[in-house]
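Here's the structure we're looking at; comments come further down.
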Amino acid sequence: SDEEDEELMTHQLMKAAQAGGGAQAFAGAKYAFNMFTSYFCDSVTPAVSAKELMDGEDYENDLMQIIGRITSGADLPGGGIVLSGEKGLIVSGPAGRKFEQLIVVHCSVMARRIFVSEFFHRLFEMESEIDAIQAAISAHIGKPSQLSDIRRRVMEACKQASLLDSLLTQCRSSSSELPDISQKTMEKGKSDPAYEVLLETLNTQDYREELVLRLKDLESLLHCARLGLDSLRENTDVISEMQMFKLQESLQSNTRNLESLFRSNESASSSLQIMQLVIGGSLGFAILDRMTGEWSALDTPWGQTFWKYLVDPFGVWFVVSMTVFVVIVVGLHITMKFMIKQASADMSLRYSLHVRANLHALRQFLKNKVLFSEEAETDVEGNNVYKVSWDEHRSAYGGSPLRVSISVDQGHARLCTVTLQYNRREGSLSVPDVQDRFLRELVDARIIVDESELGDLIRPEAHTFEERVRMAHDEQKSKDRARKLRKRGEDRQAVQIIERRAIRSDGSGLTPRSR
């Protein structure tokens with residue numbers, strides 16, 4: 001019916017307007033005319049033919065302001081003209097009203113063509129941006145701060161690609177449901193030659209096929225752009241990894257320099273300790289000289305003998321002096337090497353645990369320790385961190401004291417970090433033994449709430465000394481019992497062999513008598 005046709009045409013016009021509006025919102029203010037508009041009129045003034053209106057001068061220039069560049073035009077049989085442009089068309093005469101459904105179909109196709117054209121422009125702009133980002137990546141050396149700007153531009157390009165993908169999906173979905181010329185319009189056109197002129201002039205079917213191809217091309221181009229963005233992200237990740245690698249190398253170099261500095265400080269500290277001993281000894285001898293006054297060893301009989309045999313002969317005192325010098329220098333050198341060797345034997349174990357802790361048990365545990373360092377840090381966010389350090393007795397750790405430093409988050413009742421320092425030359429324990437013994441001490445004191453949170457840091461609980469003695473005693477008893485049983489078994493077997501031999505001898509002796 002006519003009402004259904006009008007409702008269908010209204011729906012098609014709304015969809016065409018939405019597609020054109022999408023193109024308008026997508027393209028922004030850069031393109032002024034981005035909708036396809038159809039103009040219906042009874043007549044055109046001046047009343048001239050379509051060929052005269054497409055004269056390339058004033059008439060055509062005036063029409064281009066309305067429908068854009070004119071692509072085709074024709075005179076309609078029965079009066080009127082049709083002019084098709086890039087952004088609209090003009091139909092005059094009764095054919096426009098009669099074949100309105102055909103014109104609506106053409107408007108739907110042309111509106112999507114405009115959208116595809118704008119999409120191509122935006123896609124080319126994004127590819128240009130990708131090339132610019134790639135150039136910035138190639139020139140990033142010497143500009144460390146440019147990496148953040150590159151990442152920002154890549155994120156914006158990815159955002160634009162996602163928007164283009166959604167728009168393209170929507171356009172393909174609407175294009176798959178494009179209206180076709182209705183059967184009723186085709187029946188009307190059989191008896192009216194204006195219908196064939198409109199089909200030939202508007203060229204709707206060719207535009208429709210071209211639209212499908214362009215959408216496939218857009219899909220391929222957008223996929224290539226996404227691959228380019230993925231490549232850019234990988235390049236930025238590589239740059240970031242390279243910068244992190246350089247930073248790590250720099251940190252390692254600085255760490256080596258600091259380690260060399262620490263070693264030189266240890267050597268200087270050892271030298272300072274020896275110098276303090278030498279200066280103390282010199283000061284002691286100087287005080288004795290001041291107390292005894294003008295005293296000399298030559299005033300004593302043994303001193304005169306010393307002078308007579310060691311000082312007075314030529315060259316003897318020089319040899320004695322050089323010998324004493326060499327002995328002192330070698331002794332100091334050996335002492336310094338020993339002190340440096342002892343200092344270099346320190347091992348430091350650092351653990352980041354973050355396990356649940358019993359603060360009350362920790363306070364009771366620390367009451368029995370001699371603390372030499374305590375720190376407390378509290379910030380505006382309510383974090384309360386308590387740091388404490390002490391030395392464990394050397395008898396409990398194989399002859400060397402264990403220096404312990406822990407940090408506790410009192411607000412959340414968590415044992416955060418543990419640092420252990422141990423001298424391997426003074427003590428006899430290895431790293432796993434020190435670790436296991438100290439953590440086992442914390443578990444036994446019920447400071448660590450759940451032992452399973454430590455994972456593999458702590459070994460299964462070992463047997464006590466009394467249990468080991470009892471187990472060794474039981475093992476020895478088992479061995480003795482097995483030895484006795486084995487001996488009894490051997491004796492019993494020997495008796496059985498003797499008895500068999502006796503039975504055989506008795507049997508051989510009785511046989512002649514019986515005979």
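Position 1 is the first residue of the sequence, and the numbers go up from there.
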Can a salt bridge be assigned to the pair [X] and [Y] using a cut-off of 4.0 Å between side-chain N and carboxylate O?
X: Glu219; Y: Lys216; value: no
X: Glu210; Y: Arg112; value: no
X: Arg152; Y: Glu156; value: yes

Self-check item: Least distance between heavy atoms, Ile114 atom then Glu86 atom
Solution: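 Shortest heavy-atom contact: CD1-O, 3.9 Å.
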Quiz item: Where is the tightest heavy-atom contact between Thr419 and Ser348, given as atom of each residue plus distance?
Solution: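 Looks like CG2-OG, 4.1 Å.
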Quiz prompt | Over 12 foreign heavy atoms within 6.0 Å of CZ, Phe285 | solution =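 For Phe285, atom CZ is not crowded (no more than 12 foreign heavy atoms under 6.0 Å).
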Quiz item: Above 12 or not: heavy atoms from other molecules or residues under 6.0 Å from NE2 of His354?
Solution: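 Yes, the 6.0 Å shell around NE2 holds more than 12 heavy atoms from other groups.
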Taking [Y]'s backbone N and O only, do any of them form a donor-acceptor pair with [X]'s side chain (distance below 3.5 Å, no angle check)?
X: Thr335; Y: Gly331; answer: yes
X: Asp165; Y: Ala161; answer: no
X: Ser253; Y: Glu249; answer: no
X: Ser400; Y: Tyr422; answer: no

Quiz item: Parallel, tilted or perpendicular: which fits the ring planes of Trp390 and Phe365, with parallel below 30° and perpendicular above 60°?
Solution: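 Answer is perpendicular, since the angle exceeds 60°.
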Quiz prompt | Results of salt bridge (charged side-chain N to carboxylate O under 4.0 Å, His left out) for Glu374 - residues two or more places apart only | solution =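 Applying salt bridge (charged side-chain N to carboxylate O under 4.0 Å, His left out) to Glu374 gives none.
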Practice problem: Apply ring pair (Phe, Tyr, Trp, His ring centres under 6.0 Å) to Trp307 and list each qualifying residue two or more places apart in sequence or on a separate chain. | Solution: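 Ring pair (Phe, Tyr, Trp, His ring centres under 6.0 Å) list for Trp307, sorted by chain: empty.
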Value rounded to 0.5 Å, distance of [atom1] in [X] from [atom2] in [Y]:
X: Asp444; Y: Leu439; atom1: CG; atom2: CG; value: 11.0 Å
X: Arg437; Y: Leu402; atom1: CZ; atom2: CG; value: 10.5 Å
X: Arg208; Y: Met110; atom1: CZ; atom2: CE; value: 14.0 Å

Exercise. Please collect all salt bridge (Lys or Arg N to Asp or Glu O under 4.0 Å) contacts where either partner lies in residues 273-282, sequence neighbours excluded, each pair once.
Key: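 Every candidate salt bridge (Lys or Arg N to Asp or Glu O under 4.0 Å) pair involving residues 273-282 fails, so no pair, neighbours aside, qualifies.
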Exercise. Cation-pi check, Arg214 to Phe119: give yes when NZ or CZ is under 6.0 Å from the six-membered ring centre and within 45° of the ring axis, no otherwise.
Key: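 Judged by the rule (NZ or CZ under 6.0 Å from the ring centre, within 45° of its axis), Arg214 is not positioned above Phe119.
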Exercise. Show the numbers, then the answer: is there a side-chain contact (heavy atoms from CB on, under 4.5 Å) between Leu353 and Leu457?
Key: CA-CA 10 Å; Leu353 301 178; Leu457 292 178; 3.4 Å; yes
Quiz item: Got Lys87 and Thr37 here, is their nearest side-chain heavy-atom distance under 4.5 Å?
Solution: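 Heavy-atom side-chain distance check fails, nothing below 4.5 Å.
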